[in-house]
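FYI, the numbering just counts along the sequence from 1.
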Amino acid sequence: MPSTTHWIVFGDLHNEIHNLQEIMDLDEADGIIVTGDLTFMGGAGDAQKVMDAITARNPKVYAQIGNMDKSEVTDLLKKKECNLHGEARKIHEKATLIGVGGSTPTPFNTPSEFSEEEIAELLEQALAKAGDYQNLVLVSHTPPLNTACDRIESGAHVGSKAVREFIERVQPAICLCGHIHESKGIDIIGNTIVINPGPLNSGGYAVMALCDGTVRAGLCDINEGCTLHCGI
């Protein structure tokens with residue numbers, strides 16, 4: 001049988017924590033990865049409540065801000081030693097996470113928006129901290145441009161050019177993203193699997209599995225269940 005570890009991935013909670021109780025294997029996972037948007041325009045106090053609810057189910061968590069979280073949320077996550085934004089975290093001898101939170105500018109003037117140049121700089125900063133790795137996993141709140149994961153209701157693609165260019169060049173094994181609620185789905189850029197689980201407050205999450213040294217991910221939904229596997 002393959003040797004498997006698995007992580008549960010979700011984001012876009014926006015203060016709503018009720019669906020955490022619906023992820024049946026959350027307690028048994030090796031850990032949790034939060035792609036961003038713990039709050040709805042909130043700060044450290046709101047984020048603390050969300051983190052308390054998450055860690056009550058599983059104490060091993062890595063998280064980062066989304067565009068709807070105030071910058072002080074990063075300070076909170078740093079104090080908890082679980083911040084991903086601009087950081088690298090080794091979660092297994094064969095898998096390393098790097099993160100970039102927030103988003104490119106939106107029409108809504110949300111708290112944590114960055115230019116493409118700033119996102120590119122944060123990605124390089126995180127990559128430099130990763131050191132040697134076997135499998136690199138990019139956790140980017142904003143999806144890469146021109147994928148099945150960044151299309152809004154009008155059909156326009158609103159993801160990040162910097163994230164896409166980074167993926168094309170570096171080719172991480174997986175890109176875990178969020179931000180665009182209506183673009184739950186999977187796409188591929190070169191050899192990189194891009195996965196947007198959709199918002200947890202609508203039931204969407206993902207599972208990432210490390211199977212005998214290979215990283216894979218799949219979409220899940222609290223209303224439909226999810227079978228852990230070593231492929232998509």
K.L.:
Do N135 and L210 pass the side-chain contact (heavy atoms from CB on, under 4.5 Å) test, and can you show the C-alpha distance, the side-chain angles, and the key distance before you say yes or no?
P.N.:
CA-CA 9 Å; N135 291 286; L210 181 68; 4.1 Å; yes
K.L.:
Given side chains that start at C-beta, do those of I167 and L138 come closer than 4.5 Å, heavy atoms only?
P.N.:
yes
K.L.:
Checking side-chain contact (heavy atoms from CB on, under 4.5 Å) for the pair F10/I222: CA distance, chi angles, key distance, verdict?
P.N.:
CA-CA 12 Å; F10 52 75; I222 62 171; over 6 Å; no
K.L.:
Measure the CD-CD1 distance between E124 and I119 for me, rounded to the nearest 0.5 Å.
P.N.:
13.0 Å
K.L.:
So, do T35 and V9 sit near enough that their side-chain heavy atoms are less than 4.5 Å apart?
P.N.:
yes
K.L.:
Kindly indicate whether the side chain of L127, heavy atoms from C-beta on, has any atom under 4.5 Å from the side chain of V170.
P.N.:
yes
K.L.:
Please check this pair: side chain of H141 against backbone of G102, looking for a donor-acceptor N/O pair closer than 3.5 Å.
P.N.:
no
K.L.:
Considering all heavy atoms of both residues, which atom of S202 and which atom of D221 are nearest to each other, and what is their separation?
P.N.:
O-OD2, 4.3 Å
K.L.:
Just verifying a value: how many Å separate E16 CD and H18 NE2, rounded to the nearest 0.5 Å?
P.N.:
5.5 Å
K.L.:
Is there a donor-acceptor contact under 3.5 Å from the side chain of D187 to the main chain of A148?
P.N.:
yes
K.L.:
Using a strict cut-off of less than 4.0 Å between a Lys/Arg side-chain nitrogen and an Asp/Glu carboxylate oxygen, indicate whether R164 and E168 qualify as a salt bridge.
P.N.:
yes
K.L.:
Above 12 or not: heavy atoms from other molecules or residues under 6.0 Å from NZ of K49?
P.N.:
no
K.L.:
Mind checking whether E153 and H181 have side chains closer than 4.5 Å, heavy atoms only?
P.N.:
no
K.L.:
Are V50 and L77 connected, step by step, through hydrophobic side chains (Ile, Leu, Val, Met, Phe, Trp, Tyr) whose heavy atoms are closer than 4.5 Å?
P.N.:
yes
K.L.:
For the residue pair D69 and Q64, what are the closest heavy atoms and their distance?
P.N.:
OD2-O, 4.3 Å
K.L.:
Under 4.5 Å between any side-chain heavy atoms of E182 and R151, yes or no?
P.N.:
no
K.L.:
We want to know whether N201 and H14 form a side-chain donor-acceptor pair, criterion being a heavy-atom distance below 3.5 angstrom.
P.N.:
no
K.L.:
To check you understand the geometry: which heavy-atom pair defines the closest contact between S160 and E116, and what is its length?
P.N.:
OG-OE1, 2.8 Å
K.L.:
So with a 6.0 Å cut-off around NZ of K129, is the heavy-atom count from everything else above 12?
P.N.:
yes
K.L.:
Where the side chain of D150 meets the backbone of P143, is there a donor-acceptor pair that is under 3.5 Å apart?
P.N.:
no
K.L.:
Residues in side chain to side chain donor-acceptor pair (under 3.5 Å) with Y133, at least two apart?
P.N.:
none
K.L.:
Under 4.5 Å between side-chain heavy atoms, counting indirect links through other Ile/Leu/Val/Met/Phe/Trp/Tyr residues: same cluster for L20 and V73 or not?
P.N.:
yes
K.L.:
Shortest non-hydrogen contact from C177 to P144?
P.N.:
SG-CD, 4.5 Å
K.L.:
Roughly how far, to the nearest 0.5 Å, is OG1 of T96 from CG of L136?
P.N.:
7.0 Å
K.L.:
Do the side chains of M208 and I91 get nearer than 4.5 Å, heavy atoms only?
P.N.:
yes
K.L.:
Using a distance-only test with no angle check, is there a side-chain donor-acceptor pair under 3.5 angstrom linking D37 and H179?
P.N.:
no
K.L.:
Answer yes if V34 and F40 sit in the same cluster of Ile, Leu, Val, Met, Phe, Trp and Tyr residues linked by side chain heavy atoms under 4.5 Å apart, and no otherwise.
P.N.:
no
K.L.:
Work out which heavy atom in S71 is nearest to a heavy atom in S112; give both atom names and the distance.
P.N.:
N-OG, 3.9 Å
K.L.:
Say whether N67 and T110, considering side chains only, have a donor N or O and an acceptor N or O under 3.5 Å apart.
P.N.:
yes
K.L.:
Do K184 and L219 make a side-chain contact, defined as non-hydrogen atoms from C-beta onward lying under 4.5 Å apart?
P.N.:
yes
K.L.:
Does I180 share a hydrophobic cluster with F166, counting links as ILVMFWY side-chain heavy atoms below 4.5 Å and allowing steps through other members?
P.N.:
no
K.L.:
Establish, from distance only, whether the side-chain atoms of T104 and E113 form a donor-acceptor pair under 3.5 Å.
P.N.:
no
K.L.:
Do I98 and V139 have side chains that get closer than 4.5 Å, going by heavy atoms?
P.N.:
no
K.L.:
Keeping the roles fixed (side chain from R216, backbone from I174), state whether a donor-acceptor pair exists under 3.5 Å.
P.N.:
no
K.L.:
Any chance you could measure K60, atom NZ, to I8, atom CD1, to the nearest 0.5 Å?
P.N.:
15.5 Å
K.L.:
I need the L123 CG to R169 CZ distance, nearest 0.5 Å.
P.N.:
8.5 Å
K.L.:
Could you go through the side-chain contact (heavy atoms from CB on, under 4.5 Å) check for T74 and L76 one step at a time?
P.N.:
CA-CA 5 Å; T74 294; L76 172 72; over 6 Å; no
K.L.:
May I have the step-by-step check of side-chain contact (heavy atoms from CB on, under 4.5 Å) for L84 and I33, ending in yes or no?
P.N.:
CA-CA 9 Å; L84 278 175; I33 298 167; 4.2 Å; yes
K.L.:
Supply the atom-to-atom distance F114 CZ to L122 CG, rounded to the nearest 0.5 angstrom.
P.N.:
6.0 Å
K.L.:
Is there a continuous path of hydrophobic side-chain contacts, each under 4.5 Å between heavy atoms, that joins I23 to L38?
P.N.:
yes
K.L.:
What pair of heavy atoms forms the shortest contact from P111 to M41, and how long is it?
P.N.:
CD-SD, 3.5 Å
